[in-house]
Amino acid sequence: MGVALRPLLADYKESPGWEDLGGVAAIDAFNALYQFLSGIRQSDGAPLMDSEGRVTSHLSGLLFRTANLIEKNITPVYVFDGKPPAFKAATLSKRREVRAFAKESWENALKEGDTESARKYAMASSKVDAYIIESGKELLSALGIACIEAPEEGEAQSSYMAQRGDVTYAVSQDYDSLLFGAPDLVRNVTISGKKKIRGKVISISPERLRLDAVLKGMSVTREELVQIALLIGTDYNSGVSGVGPKTAVKIVSEGKFYERISESDNAAEPDVLIDYFMNPPVNTSYKIVSRSPDHDKVIEMLCEEHGFSLDRVEAGLERFGAKKGQSTLDSWF
DNA sequence: CGGACAAA
DNA sequence: TTTGTCCGG
């Protein structure tokens, strides 16, 4: 998912503490929901579900993560995707295939009693569907968290809001926001500082990338960074075979972008894709409104409708108001 | 993923 | 106080 720019950005990573991250964070909702959906699972890979079989993993994740962010003086704003651009179709279709294969492998692993593989495949089979999005919005709204609808890509919308200064930074695990012009991108905005990767425990902490520092360090313009990404491959194109990050930088620095990108077989003209990153469709008349949680509504939704433990939800909700010196109602334009 | 609790 | 394990719905 996203762009494989990681190796090029390694030198420009900052490691902020939570005290440096206070402010308003535009969170890529799809990205966050996917993380909850794939990560919050039982050992056999099954997500949390209510008695009716409806998935609740994302609701648990949203409640507790939001409580954590509020306690750290971070006001989250969730930004939801609209319609994907036409040239994303191939990527979306590939993701469907990957999910279908993972689902099959999950079932097979369960039959063989291989719970470790089962969990891995279950995670890969995660699908952020309409129910996940609607129920996620419903909970966020009850929690008093602002939700913004993007006309197309959420990351483009977040980037625009960060450029305008209406949010302090964009939050996503993907790097696409930089291509869309987000001046400030923060990854790993997660609380449990540890993560199991291939059986090993690695500590995870917030990671910040400033577009200015990246462009200055690489001595490129944003448009050139977009060209580098297109040569490597993005959600909108397949890139040029045999070209990785290092070669892509070289090609662009030699002014051979158009020459080399023509080797790839992409659904859209390179200039169309460049323009999409440089001037994406965004909603310019959004209004960010945050308020304190509607306690009764949250209890009704989580406890009565979805069978959450009252004690746990109450404990989570209590953490929302606990921050001193924070007004309960803030709004921006 | 994140919370709770036990063990070190 | 830190680390590990289990459970949530």
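So you know, we letter chains A, B, ... as the sequences are listed, proteins then strands, and number each from 1. No hydrogens, no waters, no symmetry mates; every other heavy atom, side chains included, goes into these values.
Crowding of K137(A) atom NZ: a count of heavy atoms from other residues, nucleotides or ligands under 6.0 Å exceeding 12. When the shell of 6.0 Å around CG of D265(A) is examined, it contains 12 or fewer heavy atoms from other residues, nucleotides or ligands. By the 6.0 Å contact criterion, CD on E263(A) is enclosed, its count of non-hydrogen atoms from other residues, nucleotides or ligands being greater than 12. A 6.0 Å sphere centred on CD of E14(A) holds more than 12 heavy atoms belonging to other residues, nucleotides or ligands. For CD of E149(A), the number of neighbouring non-hydrogen atoms (other residues, nucleotides, ligands) closer than 6.0 Å is greater than 12.
Summarising the geometry, the separation between CG on L48(A) and C1' on dG9(C) is reported as 5 Å, rounded to the nearest angstrom. Regarding K72(A), its NZ atom lies at a distance of 10 Å from the P atom of dG2(B), rounded to whole Å. Atom CG in D44(A) sits about 15 Å away from atom P in dC6(C), given to the nearest Å. One atom, CZ of F64(A), and another, C1' of dC7(C), lie 12 Å apart when rounded to the nearest Å. Between Q42(A) atom CD and dG2(B) atom C1' the separation is 15 Å, expressed in whole Å. Counting to the nearest Å, the P atom of dG2(B) and the CH2 atom of W18(A) are 8 Å from each other. Taking atom CG of L310(A) as the reference point, atom C1' of dG8(C) lies 15 Å away to the nearest angstrom. The CG-P distance, from N188(A) to dG2(B), rounds to 11 Å in whole Å.
Checking the phosphate oxygens (OP1, OP2) of dG8(C), no side-chain nitrogen or oxygen of S57(A) falls inside 4.0 Å. Contact check, R319(A) against dG3(B): a side-chain N or O comes under 4.0 Å of OP1 or OP2. Between R65(A) and the phosphate of dG2(B), there is a side-chain N or O to OP1/OP2 separation shorter than 4.0 Å. For dG3(B), the OP1/OP2 oxygens have a side-chain nitrogen or oxygen of N68(A) closer than 4.0 Å.
For DNA chain B, no neighbouring residue in residues 300-308 of chain A is found when judged by any heavy atom under 4.0 Å.
Residues A229(A) and L179(A) come closest through the heavy atom pair CB-CD1, 3.6 Å.
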Taking only N/O atoms, report every protein-nucleotides 4-7 of chain B pair under 3.5 Å with atom names and distance.
none

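In this structure, of dG8(C), dG2(B), dG9(C), it is dG8(C) that holds the atom nearest to the side chain of S60(A). Among the nucleotides dG3(B), dC1(B), dG9(C), the one closest to any side-chain atom of R119(A) is dC1(B). Listed nucleotides dG9(C), dG2(B), dC1(B) differ in distance to I40(A); the shortest reach to its side chain belongs to dC1(B).
S51(A) comes within 4.0 angstrom of nothing in the nucleic acid, heavy atoms only.
At a threshold of 4.0 Å, the pair D50(A)-R54(A) counts as salt-bridged, since one of the basic side-chain nitrogens sits closer than that to a carboxylate oxygen.
Considering only residues two or more places apart in sequence or on other chains, Q157(A) meets the side-chain hydrogen bond (donor to acceptor under 3.5 Å, both in side chains) condition with none of them.
Side-chain atoms of Y286(A) and D166(A) include a donor-acceptor pair closer than 3.5 Å.
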- Applying side-chain hydrogen bond (donor to acceptor under 3.5 Å, both in side chains), run through S105(A) and N108(A) and close with a yes or a no. CA-CA 5 Å; S105(A) 308; N108(A) 290 337; 5.6 Å; no
